[in-house]
Enquirer: 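Take this structure first; my questions come after.
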Amino acid sequence: MVLFGPPQHPNHPLTDPMLNTESPSTRHTELDLYATADLVSALVEDQVHAVDAVRSAGAELARAVDAAVPRMQQGGRLIYAGAGTSGRLGVLDSVELYPTFSWPHDRAIGLLAGGADAMFTAVEGAEDDATQGARDMQAVHVAANDVVLLLAASGATPYVMGALQAARSAGALTVGFANNPHAPVTQQADIGITLDTGSEVISGSTRLKAGSAQKMALNAFSSALMVRLNKVYGNLMVDLKATNAKLVRRAVALTMHATGCDEALARATLLACDHHVKVAVVAITCGVDIATARARLAAAGDSVRRALDLA
């Protein structure tokens, strides 16, 4: 792909030489001559700017979380839309919500330009199709209670902009993520989150710190949202889905930590409640049976802390 030559796609973001993410870095201009240790150091050191960019976007991330909570409480979904690295990061965040927080698969949807095959192989030109972005968004029946996360390092990827327009037309809450200031996706979304990471050590390779910033921002958004939805007690991941041996062991450890009980009681209680840590914590702490623990959680809006206060 020609980044700095004559435009090949009119109005495509990569044809704009002023984008921070596409501008050649003035640092490490002889990167190819570095000793390997220095090369690795330069690449790692540059990632610090990703942390700074996410920190600077903290207020807008918090605003997005607070706006998303009532929609999720009304049964809304998280829908991620992106292309290339950005799209793959969206898919990653969506699929991790089930084992981490028992968030239903059908309430976390990842839309990727080029479809499922693009997760593993670059699909040339898919990101340039705004019409397909709109179609993909409409195909999942986007609705007013949904929260749509639109991811584009450039901030103007046509596929993402098409998805944005379809989501807005449906009345969904739209949250745009971009790595360039004043980007169309952040300006046209209901909430814009700018992760201004600047130029890359390897010029134009936004899979580097631009991608790192997007990953951190998505982690912060979705994790904070799950905390607000009572998926966490203290700082313990009490709503995990114990789908393998590792997660069963983690459920046991979390139950022991939260209640102070021994391993035998933790395992026996978890076995009785399908390894639902929340239920086990309430049952053990309050000295009640599984059915009563579940009833207390339901009465407390699924909050462990409030359920314990009902005791």
Side-chain angles (χ1 to χ4, degrees), residues 57-83 86-87 89-98 100-113 115-116 127 129-152 155-178 183-195 214 217-232 239 298 300-303:
E60 292 308 306
L61 282 165
R63 182 180 163 216
V65 171
D66 287 340
V69 168
R71 287 172 168 81
M72 297 300 100
Q73 291 171 332
Q74 293 298 316
R77 301 168 296 171
L78 294 172
I79 303 175
Y80 302 71
S86 299
L89 290 171
V91 171
L92 177 63
D93 201 69
S94 73
V95 300
E96 289 182 342
L97 295 180
Y98 177 75
T100 310
F101 300 111
S102 294
W103 189 252
H105 290 299
D106 61 0
R107 294 184 66 190
I109 298 170
L111 301 180
L112 179 60
E127 69 177 61
D129 194 340
T131 300
Q132 189 61 51
R135 285 199 196 103
D136 286 353
M137 187 61 64
Q138 292 161 352
V140 298
H141 306 292
V142 61
N145 281 331
D146 293 332
V147 176
V148 179
L149 310 174
L150 301 130
L151 308 160
T157 304
Y159 177 88
V160 175
M161 297 307 296
L164 168 61
Q165 296 310 316
R168 283 182 61 87
S169 295
L173 174 69
T174 54
V175 184
F177 294 76
V185 74
T186 53
Q187 293 187 321
Q188 295 179 31
D190 296 308
I191 299 174
I193 296 174
T194 299
L195 308 169
Q214 289 183 357
L218 287 173
N219 278 170
F221 170 81
S222 61
S223 297
L225 178 60
M226 294 299 136
V227 172
R228 285 287 168 262
L229 294 173
N230 300 319
K231 301 288 186 177
V232 174
D239 216 2
D302 218 25
S303 165

Enquirer: Hey, could you give me the CG/OH distance between Asp106 and Tyr98, rounded to the nearest 0.5 Å?
Expert: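 Rounded to the nearest 0.5 Å, the CG-OH separation comes to 11.0 Å.
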Enquirer: Any idea which heavy atoms bring Tyr159 and Gly82 closest together, and the distance?
Expert: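 For Tyr159 versus Gly82, the nearest heavy atoms are CE2-O, 3.8 Å.
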Enquirer: So which atom in Val185 and which in Ala178 form the shortest heavy-atom distance, rounded to 0.1 Å?
Expert: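 Nearest pair, atom of Val185 first, then Ala178: CG1-CB, 3.8 Å.
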Enquirer: Nearest 0.5 angstrom please: Gln188 CD to Met161 CE, how far?
Expert: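 Reported to 0.5 Å precision, the distance equals 3.5 Å.
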Enquirer: Can you check side-chain contact (heavy atoms from CB on, under 4.5 Å) on Asp239 and Val232, steps first, answer last?
Expert: CA-CA 7 Å; Asp239 216 2; Val232 174; over 6 Å; no
Enquirer: Answer whether the closest heavy-atom distance between the side chains of Val147 and Leu225 falls below 4.5 Å.
Expert: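 Contact flag for Val147/Leu225 side chains = no.
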Enquirer: Between CD1 of Ile79 and CG of Leu173, what distance do you get to the nearest 0.5 Å?
Expert: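 Output value for this atom pair is 11.0 Å.
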Enquirer: State, to 0.1 Å, how close Ala81 and Val160 come at their nearest heavy-atom pair, and which atoms those are.
Expert: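 Closest pair (atom of Ala81, atom of Val160, distance): O-CG2, 4.1 Å.
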Enquirer: Hey, is the main chain of Ala183 close enough, under 3.5 Å, to the side chain of Thr186 for a donor-acceptor pair?
Expert: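 Confirmed, Thr186 side chain pairs with Ala183 backbone.
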Enquirer: For the CG atom of Leu61 and the CG atom of Leu195, what is their distance to the nearest 0.5 Å?
Expert: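 Interatomic distance, Leu61 CG to Leu195 CG, rounded to 0.5 Å: 7.0 Å.
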Enquirer: Should the heavy atoms of other residues, nucleotides or ligands under 6.0 Å from CZ of Arg107 be counted, would the total exceed 12?
Expert: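 Yes - once you tally the heavy atoms of other residues, nucleotides and ligands closer than 6.0 Å, there are more than 12.
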Enquirer: Look at the side chain of Thr174 and the backbone N and O of Asp190, then say whether any donor-acceptor pair between them is shorter than 3.5 Å.
Expert: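 Indeed, once roles are kept as given, a pair shorter than 3.5 Å links the two residues.
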Enquirer: Can you see whether Arg135 engages Gln138 through a side-chain donor-acceptor pair at a distance of less than 3.5 angstrom?
Expert: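 No donor-acceptor contact under 3.5 Å links the two side chains.
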Enquirer: Grab the two heavy atoms, one from Phe177 and one from Ala217, that are nearest each other, plus how far apart they are.
Expert: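 Shortest heavy-atom separation between Phe177 and Ala217 comes out as CE2-CB, 4.0 Å.
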Enquirer: Counting C-beta onward and ignoring hydrogens, is there a side-chain heavy-atom pair between Gln73 and Leu229 closer than 4.5 Å?
Expert: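 Yes; the side chains approach each other to less than 4.5 Å.
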Enquirer: Please check: side-chain N/O of Asp136 versus main-chain N/O of Ala163, any donor-acceptor pairing under 3.5 Å?
Expert: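 Between the backbone of Ala163 and the side chain of Asp136 there is no qualifying donor-acceptor contact (under 3.5 Å).
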Enquirer: I'd like to know if the side chain of Arg71 and the backbone of Ala67 have a donor-acceptor N/O pair within less than 3.5 Å.
Expert: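 Yes: the side chain of Arg71 pairs with the backbone of Ala67.
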Enquirer: Quick test of your reading: applying salt bridge (Lys or Arg N to Asp or Glu O under 4.0 Å), list the pairs with at least one residue in residues 139-149, sequence neighbours left out, ordered by first then second residue.
Expert: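 Of all non-adjacent pairs touching residues 139-149, those that pass salt bridge (Lys or Arg N to Asp or Glu O under 4.0 Å) are Arg77-Asp146.
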Enquirer: Which pair of heavy atoms, one from Asn145 and one from Met72, lies closest together, and at what distance?
Expert: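 For Asn145 and Met72, the tightest heavy-atom pair comes out as O-CE, 3.9 Å.
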Enquirer: Kindly compute the distance separating CD (Glu60) from OG1 (Thr194), expressed to the nearest 0.5 Å.
Expert: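 Output value for this atom pair is 8.5 Å.
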Enquirer: Between Phe221 and Asp93, is a side-chain contact (heavy atoms from CB on, under 4.5 Å) present by the stated rule, with each step listed?
Expert: CA-CA 10 Å; Phe221 170 81; Asp93 201 69; 5.7 Å; no
Enquirer: Kindly give the heavy-atom pair with the smallest separation between Ser222 and Tyr80, and that separation in Å.
Expert: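 Looking at all heavy atoms of both residues, the closest pair is CB-OH, 4.2 Å.
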Enquirer: Quick one about Ser86 and Gln214 (side-chain donor to acceptor, distance below 3.5 Å, no hydrogens or angles considered), yes or no?
Expert: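 Side-chain D/A pair, Gln214 to Ser86: present.
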Enquirer: Within this structure, what is the CD1-CE distance for the pair Ile109 and Met137, rounded to the nearest 0.5 Å?
Expert: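 The distance works out to 9.0 Å.
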